[in-house]
Colleague: 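Have a look at this one.
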Amino acid sequence: MKFIIGIGGVTNGGKTTLTNKLLKTLPNCCVVHQDDFFRKPDQIEVGKDGFRQWDVISAMDMEAMVHTVKGWQENPIKFARSHGVSLSPEAEECESEEGIHILVVEGFLIYNYKPLIDIYDKCFYISIPYEECKRRRSTRTYTLPDPPGLFDGHVWPMYLKHRKEMENNCVKIEYLDGMTSKDNIYNKVYESVQNSLLNNL
């Protein structure tokens, strides 16, 4: 059985932390990070707001991302091996796709690209309030540092715009409160995934 989990959410909401925990505890679990598909800085256009448009879907090569997800769907065992994921002894022994294979798709705009919306078996979305998001963002070190005013001028307005768009596109999202503890968020998601897996067996 193949099972795809979406972990979306606001910037610095805790997506990667949750994803890394799931990777350690779910069987035969691989991940596709949306951040790995950002285009090069010189390909990112400058918007009317005066900032490079990093927080929009065109900043990423989404076709390549879909292609990667399809690669997993076609052969999760081969995908896992080529990404250095250790498989369960059962999966290693039988080349067929018996057992459960899980893919986590993680990113801030994973529910805003039509070709991806229908692939998820489970959709989660972490949100945190404006003040907390701004505080966390200011403590992060990025390869390209945020220019002054980027958060209020571009990041947050784009988040609000995309969130509204997402809510219109994708109805099956389970919302998570990013202000609760990391363990609490993880437990909720893990339990929800386990229930779905049992129902699908």
Side-chain angles (χ1 to χ4, degrees), residues 4-23 30-72 79 83-84 103-120 123-170 173 175-179 182 185:
I4 300 183
I5 303 165
I7 306 282
V10 64
T11 175
N12 295 275
K15 299 182 295 297
T16 310
T17 306
L18 171 60
T19 298
N20 289 340
K21 236 175 159 181
L22 292 170
L23 284 174
C30 296
V31 65
V32 172
H33 294 286
Q34 192 171 32
D35 281 2
D36 292 343
F37 296 90
F38 269 114
R39 298 184 189 279
K40 294 188 174 73
D42 60 359
Q43 295 177 307
I44 308 291
E45 49 192 84
V46 175
K48 288 180 186 152
D49 54 21
F51 296 109
R52 278 200 190 274
Q53 303 294 291
W54 287 104
D55 287 63
V56 297
I57 204 93
S58 58
M60 284 157 289
D61 186 346
M62 292 305 294
E63 280 179 25
M65 185 174 175
V66 170
H67 182 72
T68 303
V69 171
K70 284 192 172 147
W72 177 86
F79 187 98
H83 287 75
L103 180 69
V104 176
V105 178
E106 178 268 329
F108 71 115
L109 289 178
I110 60 166
Y111 306 128
N112 294 77
Y113 189 65
K114 287 271 196 305
L116 278 180
I117 289 172
D118 297 329
I119 66 152
Y120 306 110
C123 300
F124 298 98
Y125 192 88
I126 309 174
S127 34
I128 51 176
Y130 164 81
E131 287 80 10
E132 177 63 11
C133 188
K134 190 171 183 177
R135 186 192 69 74
R136 290 188 193 180
R137 178 96 181 194
S138 67
T139 61
R140 282 277 289 274
T141 313
Y142 290 97
T143 322
L144 290 167
D146 282 356
L150 180 76
F151 186 83
D152 286 321
H154 177 63
V155 175
W156 192 256
M158 285 298 135
Y159 159 67
L160 295 176
K161 174 179 178 274
H162 290 124
R163 176 156 178 163
K164 200 173 173 176
E165 193 180 277
M166 169 193 88
E167 285 166 353
N168 294 334
N169 287 344
C170 196
I173 294 172
Y175 291 90
L176 304 163
D177 179 359
M179 298 299 277
K182 289 170 184 169
I185 293 170

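This chain uses plain numbering: 1 for the first residue, then up along the sequence. Below, all heavy atoms of this structure are taken into account, side chains as well, without hydrogens, waters or symmetry copies. All figures in this text were calculated on a predicted structure; none of them were measured in a lab.
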Colleague: In the structure I gave you, are the side-chain heavy atoms of K161 and E165 within less than 4.5 Å of one another anywhere?
Modeller: yes

Colleague: With side-chain contact (heavy atoms from CB on, under 4.5 Å) as the test, would you mind laying out the steps for V66 and I119 before giving the verdict?
Modeller: CA-CA 10 Å; V66 170; I119 66 152; over 6 Å; no

Colleague: Any non-hydrogen side-chain atom of M166 less than 4.5 Å from a side-chain atom of L109?
Modeller: no

Colleague: For the side chain of Y111 and the backbone of L116, is there at least one donor-acceptor N/O pair under 3.5 Å apart?
Modeller: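 Flag not set: sc Y111 to bb L116 has no pair under 3.5 Å.
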
Colleague: Less than 4.5 Å apart, any side-chain heavy atom of K21 and any of I185?
Modeller: no

Colleague: For a quick test of reading the model, state the closest non-hydrogen atom pair linking F51 to G153 and the distance between them.
Modeller: CE1-CA, 3.9 Å

Colleague: At what distance, to the nearest 0.5 angstrom, does CD1 of I7 lie from CG of L22?
Modeller: 5.5 Å

Colleague: Just checking Q43: does its CD atom have more than 12 heavy atoms from other residues, nucleotides or ligands closer to it than 6.0 angstrom?
Modeller: yes

Colleague: Return the NE2 to CE distance between H67 and M62, rounded to the nearest 0.5 Å.
Modeller: 14.0 Å

Colleague: Distance check, rounded to the nearest 0.5 Å: E45 atom CD versus R39 atom CZ?
Modeller: 10.0 Å

Colleague: Working to the nearest 0.5 Å, report the span between CD of E132 and CZ of R137.
Modeller: 14.0 Å

Colleague: What are the two closest heavy atoms between V32 and L103, and how far apart are they?
Modeller: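 That would be CG2-CD1, 3.9 Å.
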
Colleague: Enter the distance from T11:OG1 to D146:CG here, rounded to the nearest 0.5 Å.
Modeller: 8.0 Å

Colleague: Evaluate side-chain contact (heavy atoms from CB on, under 4.5 Å) for M158 paired with W54, printing each intermediate quantity in order.
Modeller: CA-CA 10 Å; M158 285 298 135; W54 287 104; over 6 Å; no

Colleague: With a 4.0 Å cut-off, would you call R163 and E167 a salt bridge?
Modeller: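 Salt bridge present between R163 and E167.
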
Colleague: State, to 0.1 Å, how close I44 and R52 come at their nearest heavy-atom pair, and which atoms those are.
Modeller: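 Shortest heavy-atom separation between I44 and R52 comes out as O-NH1, 2.7 Å.
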
Colleague: If I compare all heavy atoms of F108 with all of D55, which pair ends up nearest, and what's the gap?
Modeller: CE1-CA, 3.8 Å

Colleague: To check you understand the geometry: which heavy-atom pair defines the closest contact between F79 and T68, and what is its length?
Modeller: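 That would be CE1-O, 3.5 Å.
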
Colleague: With a 4.5 Å heavy-atom cut-off, do T19 and I5 have their side chains touching?
Modeller: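 A side-chain contact is absent here, since even the closest heavy-atom pair is not under 4.5 Å.
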
Colleague: Run the side-chain contact (heavy atoms from CB on, under 4.5 Å) check on S138 and F151 step by step: do they pass?
Modeller: CA-CA 9 Å; S138 67; F151 186 83; over 6 Å; no

Colleague: Applying side chain to side chain donor-acceptor pair (under 3.5 Å), run through D152 and Y130 and close with a yes or a no.
Modeller: CA-CA 10 Å; D152 286 321; Y130 164 81; 2.6 Å; yes

Colleague: Judged by atom type as modelled, is there a donor-acceptor pair below 3.5 Å linking the side chain of E106 to the main-chain atoms of G8?
Modeller: no

Colleague: Rounded to the nearest 0.5 Å, what's the gap from CD1 on I126 to CG on D177? Could you check?
Modeller: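 So the CD1 of I126 and the CG of D177 are separated by 10.0 Å.
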
Colleague: Would you check if Q53 and S58 make a side-chain contact, meaning some heavy-atom pair closer than 4.5 Å?
Modeller: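 Contact flag for Q53/S58 side chains = no.
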
Colleague: Identify the two heavy atoms, one from T17 and one from K182, that lie closest to each other, and give their separation to 0.1 Å.
Modeller: CG2-CD, 3.7 Å

Colleague: Could you verify whether a donor N or O on one side chain and an acceptor N or O on the other, from N112 and H162, lie under 3.5 Å apart?
Modeller: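 The criterion, which ignores hydrogens and geometry beyond distance, is not satisfied for H162 and N112.
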
Colleague: Please answer whether the main-chain N or O of W156 pairs with a side-chain N or O of K134 as donor and acceptor at a distance below 3.5 Å.
Modeller: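 A pair under 3.5 Å: no.
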
Colleague: Would you confirm whether the ring centroid of F124 sits within less than 6.0 angstrom of the ring centroid of Y175?
Modeller: no

Colleague: So M65 and M60, side-chain contact (heavy atoms from CB on, under 4.5 Å) or not? Walk me through it.
Modeller: CA-CA 9 Å; M65 185 174 175; M60 284 157 289; over 6 Å; no

Colleague: Look only at the side chain of R136 and the backbone of N12, and say whether a donor-acceptor pair between them is shorter than 3.5 Å.
Modeller: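 Yes, R136 side chain to N12 backbone: donor-acceptor pair under 3.5 Å.
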
